[in-house]
Amino acid sequence: MDWYDANRRSLPWRKTRDPYKIWVSEIMLQQTRVAAVIEYYERFLKTFPDITALARADEQDVLAQWSGLGYYRRARMLHAAAKQLATQKMPRSAAVLQELPGIGRYTAAAIASIAFGEPIAVVDGNVERVLSRIARSGSLDFWAATQGLIDHDRPGDFNQAMMELGATVCLPKNPLCGRCPVKQSCGTRGEHKTDRPPTRKKSTIGYVLATNRDSIALVQRPANARLMPGMWELPESKRVLQSVPLLSVRHSITTTDYTINVWRGRAPKGSVQLKVAQAAKLPLTGLTRKILRRLSLLRD
DNA sequence: GATACGTGGAA
DNA sequence: TTTCCAAGTAT
């Protein structure tokens with residue numbers, strides 16, 4: 001705790017104890033880097049400052065705020081949970097929080113401890129790595145272990161301290177053991193073996209850029225699409241339209257590394273012609289946002 | 001218990 | 001250029 005008090009990073013969600021804001025931060029931080037979250041966090045809360053504002057928003061507008069952050073199911077579930085809570089108060093215990101969509105064991109414990117002071121420990125990737133190294137054990141009940149260590153006076157800070165240690169010192173690859181406050185207790189001095197992530201498939205796809213003055217043709221992904229349902233993107237092109245693409249970019253989406261060629265062409269059937277300024281307000285996929293940015297059709 | 005879900009940036 | 005992710009959850 002002393003180490004945390006002296007070394008904690010200043011982060012936007014550490015300036016508040018508003019349960020809603022803590023909740024939003026925890027959802028955004030799931031499998032997502034702090035650096036990527038900060039900007040989205042600030043903008044999201046400006047647009048949806050409280051649960052009521054989020055609950056009455058259209059899903060498309062919620063997704064638009066999330067556009068580019070990834071794992072869009074998180075935004076849908078956050079929105080769904082906000083609607084559920086519109087008529088009741090925010091649950092104050094991890095057990096009840098976990099009943100809400102998008103809130104699992106980790107997030108429930110994080111919100112309950114940080115916002116409400118419940119003495120319940122979290123286990124995330126950081127905590128697992130820290131405990132694994134200290135214990136030099138592959139078979140450890142992380143939840144029981146960290147629950148046994150928790151600071152009952154400051155459970156939220158304790159949880160954040162464990163994660164902060166993993167995120168800034170007990171790094172996956174080159175841990176900074178010299179800076180570690182518990183190196184005397186550590187059984188491994190930072191050794192750690194991780195499973196190699198599965199090799200990703202490679203695929204090449206084409207998109208059509210059909211612009212007309214200040215408008216552009218986009219399509220909305222089907223509501224039942226497995227990947228990014230309801231989000232907007234450029235129309236796909238089934239074949240090569242010119243000898244050289246207007247733009248070629250690489251982009252990875254979960255399990256596939258894509259090479260994307262963008263061809264200038266006519267708006268296909270089923271596409272919608274939209275002013276670029278309007279398109280910018282839609283929930284575009286990250287890839288589409290990237291392409292339009294590269295082509296200077298969007299700012300950022 | 002696997003697997004799918006997105007993305008941009010560091011190494 | 002390629003690898004490896006990052007404060008998990010739902011199915």
Side-chain angles (χ1 to χ4, degrees), chain A residues 4 8-9 11-14 21-41 63 66-78 80-81 94 97-115 121-130 142-143 146 156-168 170-175 192-202 221 225-231 233 249-260 283-291 293-294 300:
Chain A
Y4 180 66
R8 57 186 282 172
R9 290 168 292 177
L11 300 172
W13 42 90
R14 289 183 175 162
K21 294 179 179 175
I22 300 297
W23 176 22
V24 170
S25 75
E26 289 299 338
I27 300 299
M28 285 189 171
L29 285 163
Q30 289 169 5
Q31 297 292 287
T32 308
R33 294 175 189 283
V34 164
V37 167
I38 292 176
E39 186 183 340
Y40 280 85
Y41 173 82
L63 286 172
W66 211 273
S67 168
L69 193 57
Y71 287 145
Y72 300 100
R73 189 171 52 183
R74 294 181 296 177
R76 282 197 201 80
M77 292 189 295
L78 175 63
L97 283 164
Q98 201 175 332
E99 294 172 12
L100 291 166
I103 299 185
R105 189 173 178 182
Y106 162 81
T107 304
I111 298 170
S113 63
I114 296 169
V122 303
V123 173
D124 74 333
N126 291 306
V127 175
E128 285 192 12
R129 187 171 59 255
V130 169
F142 299 114
W143 291 95
T146 192
D157 283 344
F158 171 84
N159 283 330
Q160 292 187 82
M162 290 290 286
M163 295 189 283
E164 191 81 343
L165 186 61
T168 63
C170 196
L171 305 171
K173 282 189 184 167
N174 303 113
H192 190 59
K193 47 183 178 294
T194 54
D195 299 336
R196 201 164 303 289
T199 55
R200 309 164 77 120
K201 288 166 287 194
K202 292 191 188 307
R221 297 179 61 82
R226 196 165 55 78
L227 193 67
M228 298 183 274
M231 302 202 50
E233 60 185 353
V249 298
R250 304 177 69 95
H251 190 80
S252 298
I253 298 177
T254 65
T255 58
T256 308
D257 292 336
Y258 292 97
T259 298
I260 300 97
L284 303 174
T285 66
L287 171 55
T288 297
R289 201 166 277 287
K290 178 195 281 190
I291 292 169
R293 226 185 288 132
R294 293 281 175 91
D300 292 352

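By convention in this document, chain letters (A, B, ...) are assigned in the order of the sequence lines, proteins followed by strands, and residues within each chain are numbered from 1.
- At the heavy-atom level, A:G166 lies nowhere under 4.0 Å from the strands shown.
- Distance CE (A:M231) to C1' (B:dG6): 10 Å, rounded to an integer number of Å.
- Nucleic acid contact for A:R221: none, since no nucleic acid atom lies under 4.0 Å from a heavy atom of the residue.
- Remark: P of C:dA10 and CD of A:Q98 are 8 Å apart, rounded to the nearest angstrom.
- For A:R293, counting side-chain heavy atoms from C-beta on, the closest listed nucleotide (C:dG8, B:dG8, C:dA7) is B:dG8.
- There is a side-chain donor-acceptor pair under 3.5 Å between A:Q160 and A:R14.
- For the pair A:R76 CZ and C:dT9 C1', the computed distance is 14 Å after rounding to whole Å.
- The side chain of A:Y71 lies closest to C:dG8, out of C:dG8, B:dT7, C:dA7.
- The separation of C:dT9 from B:dG8, taken at their P atoms, amounts to 23 Å, rounded to a whole angstrom.
- Under a 3.5 Å cut-off, the side chain of A:N159 and the backbone N or O of A:V122 do form a donor-acceptor pair.
- Note: CG (A:D257) to C1' (B:dT7) measures 12 Å, nearest angstrom.
- Across the protein-nucleic acid pair, A:W23 atom CH2 and C:dA7 atom P stand 22 Å apart, rounded to whole Å.
- Checked by atom type, the side-chain pair A:Q30/A:Y106 shows no donor-acceptor distance below 3.5 Å.
- Using a 4.0 Å cut-off, no side-chain N or O of A:Y258 falls inside it from OP1 or OP2 of B:dG6.
- A:L227 pairs in a side-chain contact (heavy atoms from CB on, under 4.5 Å) with only one of the listed residues (A:T285, A:I253, A:T256), which is A:I253.
- A donor N or O paired with an acceptor N or O is not found under 3.5 Å between the base of B:dG6 and the side-chain atoms of A:T285.
- Residue A:T255 places no side-chain N or O under 4.0 Å from the OP1 or OP2 atom of B:dT3.
- Side chain of A:R33, nearest nucleotide from C:dC4, B:dG8, C:dA7: B:dG8.
- Put simply, CD on A:E128 is 11 Å from P on C:dA7, counting in whole angstrom units.
- When distances are taken from the side chain of A:P172 to each of C:dA6, B:dA11, C:dA7, the shortest belongs to C:dA6.
- Residue-level contact check: A:L69 touches the bases, meaning some heavy atom is under 4.0 Å from a base atom.
- A close approach under 4.0 Å does occur between a side-chain nitrogen or oxygen of A:H251 and OP1 or OP2 of B:dT7.
- Evaluation of atom-type donor-acceptor distances gives a pair under 3.5 Å for the side chain of A:R73 against the base of C:dT9.
- With rounding to whole Å, A:K202 atom NZ is found 8 Å from C:dT2 atom C1'.
- Atom C1' of C:dC5 sits at a distance of 12 Å from the matching atom of B:dG6, rounded to the whole Å.
- Contact check, A:Q30 against C:dA7: no side-chain N or O comes under 4.0 Å of OP1 or OP2.
- Using a 4.0 Å heavy-atom criterion, one finds that A:W66 contacts no nucleic acid atom at all.
- Heavy atoms only, all atoms of each residue included: A:I38 and A:L11 are closest at CD1-CD2, 4.4 Å.
- At a threshold of 4.0 angstrom between heavy atoms, the contacts of A:R8 with the nucleic acid are absent.
- Place A:V34 and A:P101 on DNA chain C by their nearest nucleotides, and A:V34 ends up nearer the 5' end.
- Here the P atom of nucleotide C:dT11 and the CE atom of A:M77 are 8 Å apart, to the nearest Å.
- For A:Q31 and A:S252, each mapped to the nucleotide of DNA chain C holding its nearest heavy atom, the one lying further toward the 5' end belongs to A:S252.
- Proximity of a side-chain donor or acceptor of A:R74 to a complementary backbone N or O of A:I27 within less than 3.5 Å is detected.
- Taking the side chain of A:I253 as heavy atoms from C-beta on, and the options C:dA7, C:dC4, B:dG6, the nearest nucleotide is B:dG6.
- Atom C1' of B:dG1 sits at a distance of 15 Å from the matching atom of C:dG8, rounded to the whole Å.
- In this structure, the nucleotide among C:dT2, C:dA7, B:dA11 sitting nearest to the side chain of A:N174 is B:dA11.
- Across A:Y41 and A:W13, no two heavy atoms sit closer than the pair OH-CA, 3.6 Å.
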